[in-house]
Novice: 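One structure follows; several queries about it will come next.
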Amino acid sequence: MPLCQQAAHPSPAQLTVMNIGIIGAGHIGSALAVRLTSLGHSVKIANSRGPETLGDVAQKTGATPVTAEEAAKGADLIVVTIPLKNIPDLPKNLFEGVPADVPVIDTSNYYPMLRDGQIPELETGDLTESEWVQQHLGRPVMKVFNNIYADHLQNKGVPAGTPGRISLPVAGDDAAAKQKVMALVEELGFDAVDDGTLHESWRQQPGTPSYGADLPADKLREHLASLGTQRTPEQHAQFLANHNAAEKQMEAQGVKLK
């Protein structure tokens with residue numbers, strides 16, 4: 001799950017070229033690598049098994065296979081897009097020497113039944129998924145790219161102003177980092193919608209109505225506003241139930257998550 005036509009986009013000459021590190025070479029990481037390299041950015045990509053296993057990904061995406069530490073070093077922006085359960089296994093020195101103003105994007109989703117096992121803090125609702133990730137990384141993160149299918153991320157970006165343009169929520173606590181990330185979302189061909197603080201990012205997690213819905217910006221803003229900013233126990237229970245039902249359906253369909 002937030003596992004077509006190709007539209008014209010601004011030429012790389014119109015954009016600020018960045019060094020982007022992607023940690024995770026699954027569906028979302030690969031889709032981002034394809035799009036970012038096509039926009040002229042320099043992309044390094046890493047997985048848990050080593051760069052020597054990424055030959056096919058490099059050929060498909062144009063990204064350079066590296067280790068996780070190499071992906072982070074020298075990057076202007078870092079994307080962490082691995083299964084939630086694997087976050088604690090990332091190198092402890094991953095961000096050593098990485099300036100504090102380099103945005104770190106978290107795309108993770110919690111799938112307790114199909115992949116991640118139960119994480120108590122996420123069952124109670126005390127933390128959002130990305131707050132949990134932030135605690136483990138020891139680094140502020142931005143939440144985005146978690147609620148869109150990888151195929152749509154790769155193929156459905158269109159120029160600003162196109163009717164029906166898909167919008168993506170962006171949550172985080174650092175205003176400057178959020179502006180950089182929202183600009184990247186726009187560059188990729190989607191409307192960036194501010195989803196508030198990282199604590200408010202529950203509004204874009206699995207089980208919520210905006211998850212995988214490809215809403216236009218006006219509808220997404222309306223939906224986020226309707227949920228409020230503080231998650232109630234009733235909302236938490238409802239969205240957990242929605243997500244549990246979705247996981248059972250995916251399991252019955254034989255869906256495998258990476």
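If you're wondering where the values come from, they're calculated on a predicted model, not measured in any experiment.
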Novice: Heavy-atom distance under 4.5 Å between the side chains of Ser30 and Gln154, does that happen here?
Specialist: no

Novice: Atom CD of residue position Gln253 - does it have more than 12 heavy atoms of other residues, nucleotides or ligands inside 6.0 Å?
Specialist: yes

Novice: What's the verdict on side-chain contact (heavy atoms from CB on, under 4.5 Å) for Gln235 and Trp202, showing C-alpha distance, side-chain angles and the deciding distance?
Specialist: CA-CA 10 Å; Gln235 286 172 322; Trp202 57 271; 3.5 Å; yes

Novice: Glu70 and Thr67: side-chain donor and acceptor closer than 3.5 Å?
Specialist: yes

Novice: Can you give me the closest heavy-atom contact between Ala31 and Ala150, atom names plus distance?
Specialist: CB-O, 3.5 Å

Novice: Do the side-chain N and O atoms of Glu131 and Thr128 include a donor-acceptor pair separated by under 3.5 angstrom?
Specialist: yes

Novice: Main chain of Val141, side chain of Gln134: is a donor-acceptor contact present, judged purely on distance under 3.5 Å?
Specialist: yes

Novice: In the single-linkage hydrophobic clustering (I, L, V, M, F, W, Y; side-chain heavy atoms under 4.5 Å), do Leu54 and Ile20 co-cluster?
Specialist: yes

Novice: Within the 4.5 Å heavy-atom criterion, are Val170 and Asp194 side-chain neighbours or not?
Specialist: no

Novice: Could you report the tightest heavy-atom contact between Leu153 and Arg35, atom names first, then the distance?
Specialist: O-CG, 3.8 Å

Novice: Nearest heavy-atom pair of Met250 and Leu257: which atoms, and what distance?
Specialist: CE-CD2, 3.9 Å

Novice: So Gln118 and Tyr110, side-chain hydrogen bond (donor to acceptor under 3.5 Å, both in side chains) or not? Walk me through it.
Specialist: CA-CA 9 Å; Gln118 286 207 340; Tyr110 177 43; 5.4 Å; no

Novice: Is there a side-chain contact (heavy atoms from CB on, under 4.5 Å) between Lys143 and Leu198 once you walk through the steps?
Specialist: CA-CA 7 Å; Lys143 178 82 160 187; Leu198 205 62; 4.1 Å; yes

Novice: Which atoms form the tightest heavy-atom contact between Glu129 and Pro206, and what is the distance?
Specialist: OE2-CD, 3.4 Å

Novice: Where do Glu251 and Lys248 land on the salt bridge (Lys or Arg N to Asp or Glu O under 4.0 Å) test, with the steps shown first?
Specialist: CA-CA 5 Å; Glu251 185 177 42; Lys248 287 181 178 176; over 6 Å; no

Novice: Decide if the gap between the ring center of Tyr111 and the ring center of His243 is smaller than 6.0 angstrom.
Specialist: yes

Novice: Please determine whether side-chain contact (heavy atoms from CB on, under 4.5 Å) holds for the pair Ile78 and Val98, giving the CA-CA distance in whole Å, both sets of side-chain angles, and the decisive distance to 0.1 Å.
Specialist: CA-CA 10 Å; Ile78 299 165; Val98 177; 4.0 Å; yes

Novice: Do Leu240 and His236 have side chains that approach each other closer than 4.5 Å (heavy atoms only, starting at C-beta)?
Specialist: yes

Novice: At their closest point, which heavy atom of Gly40 faces which heavy atom of Val17, and how far apart are they?
Specialist: O-CG1, 3.3 Å

Novice: Does one hydrophobic cluster hold both Phe95 and Ile22, with members joined at side-chain heavy-atom distances below 4.5 Å?
Specialist: no

Novice: Compare all side-chain heavy atoms of Pro65 with those of Glu52 and state whether any distance is below 4.5 angstrom.
Specialist: no

Novice: Quick check against the 3.5 Å criterion: does Asp116 have a side-chain atom that pairs as donor or acceptor with the backbone of Lys85?
Specialist: yes

Novice: I'd like to know if the side chain of Ser167 reaches the main chain of Leu215, judged simply by a donor and an acceptor atom lying under 3.5 Å from each other, with no hydrogens or angles considered.
Specialist: yes

Novice: Rounded to the nearest 0.5 Å, what separates atom CG in Leu224 from atom NZ in Lys219?
Specialist: 13.5 Å

Novice: Classify the side-chain pair Thr162/Arg165 by whether it contains a donor and acceptor separated by less than 3.5 Å.
Specialist: no

Novice: Nearest heavy-atom pair of Pro103 and Val181: which atoms, and what distance?
Specialist: CB-CG2, 3.9 Å

Novice: Quiz question: by atom type and distance under 3.5 Å, do the side chains of Ser130 and Asp106 form a donor-acceptor pair?
Specialist: yes

Novice: Just verifying a value: how many Å separate Met18 CE and Leu36 CG, rounded to the nearest 0.5 Å?
Specialist: 7.5 Å

Novice: Are Val80 and Val43 connected in a single hydrophobic cluster, I mean Ile/Leu/Val/Met/Phe/Trp/Tyr linked by side-chain heavy atoms less than 4.5 Å apart?
Specialist: no

Novice: Ignoring hydrogens and angles, state whether a donor on the side chain of Gln205 or Asn146 is under 3.5 Å from an acceptor on the partner side chain.
Specialist: no

Novice: With hydrophobic residues grouped by side-chain heavy-atom distances under 4.5 Å, do Met142 and Val102 end up in a single group?
Specialist: no

Novice: Output the distance between atom CG (Leu188) and atom CD1 (Ile148), rounded to the nearest 0.5 Å.
Specialist: 9.5 Å

Novice: Measuring from Arg203:CZ to His223:NE2, what's the distance to the nearest 0.5 Å?
Specialist: 8.5 Å

Novice: With heavy-atom distances below 4.5 Å as the criterion, would you say the side chains of Val144 and Thr107 are in contact?
Specialist: no

Novice: Apply the side chain to side chain contact (heavy atoms under 4.5 Å, CB included) test between Ile45 and each candidate in Val57, Leu32, Val79; give the one that qualifies.
Specialist: Val57

Novice: When you compare the side chains of His41 and Glu187, does any donor N or O come within less than 3.5 Å of an acceptor on the partner?
Specialist: yes

Novice: Within a reach of under 6.0 Å around CG of Asn86, are more than 12 heavy atoms found that belong to other residues, nucleotides or ligands?
Specialist: yes

Novice: Taking side chain as C-beta onward, heavy atoms only, is Ile23 less than 4.5 Å from Asn47?
Specialist: no

Novice: Would you say that more than 12 heavy atoms from the other residues, nucleotides or ligands in this model lie under 6.0 Å from the CD of Gln59, or not?
Specialist: no

Novice: Is it the case that atom NZ in Lys73 sees more than 12 heavy atoms from other parts of the structure closer than 6.0 Å?
Specialist: no

Novice: Has Lys180 got a side-chain atom pairing as donor or acceptor with Asp101's backbone, closer than 3.5 angstrom?
Specialist: yes

Novice: Quick check on side chain to side chain contact (heavy atoms under 4.5 Å, CB included): which of Leu227, Leu220, Leu168 does Ser210 satisfy it with?
Specialist: Leu220

Novice: With side-chain contact (heavy atoms from CB on, under 4.5 Å) as the criterion, how do Glu186 and Phe190 come out once you've worked through the C-alpha distance, each side chain's angles and the decisive distance to 0.1 Å?
Specialist: CA-CA 5 Å; Glu186 295 279 345; Phe190 304 94; over 6 Å; no

Novice: Do Ile82 and Asp89 touch side chain to side chain, with heavy atoms closer than 4.5 Å?
Specialist: no

Novice: Within this structure, what is the CG-CZ distance for the pair Leu84 and Arg115, rounded to the nearest 0.5 Å?
Specialist: 7.0 Å

Novice: Quick check on side-chain hydrogen bond (donor to acceptor under 3.5 Å, both in side chains): which of Asn109, Asn147, Asn242 does Tyr211 satisfy it with?
Specialist: Asn109

Novice: Could you state the interatomic distance from CD (Glu121) to CG (Asp126), rounded to the nearest 0.5 Å?
Specialist: 8.0 Å

Novice: Are Val34 and Ile105 connected in the hydrophobic side-chain network, where two residues link if heavy atoms are under 4.5 Å apart?
Specialist: no

Novice: Taking the side chain as every heavy atom from C-beta outward, state whether Pro88 and Trp132 have any atom pair closer than 4.5 Å.
Specialist: yes

Novice: Does Lys178 reach the main-chain N or O of Gly172 with its side chain, forming a donor-acceptor pair under 3.5 Å?
Specialist: yes

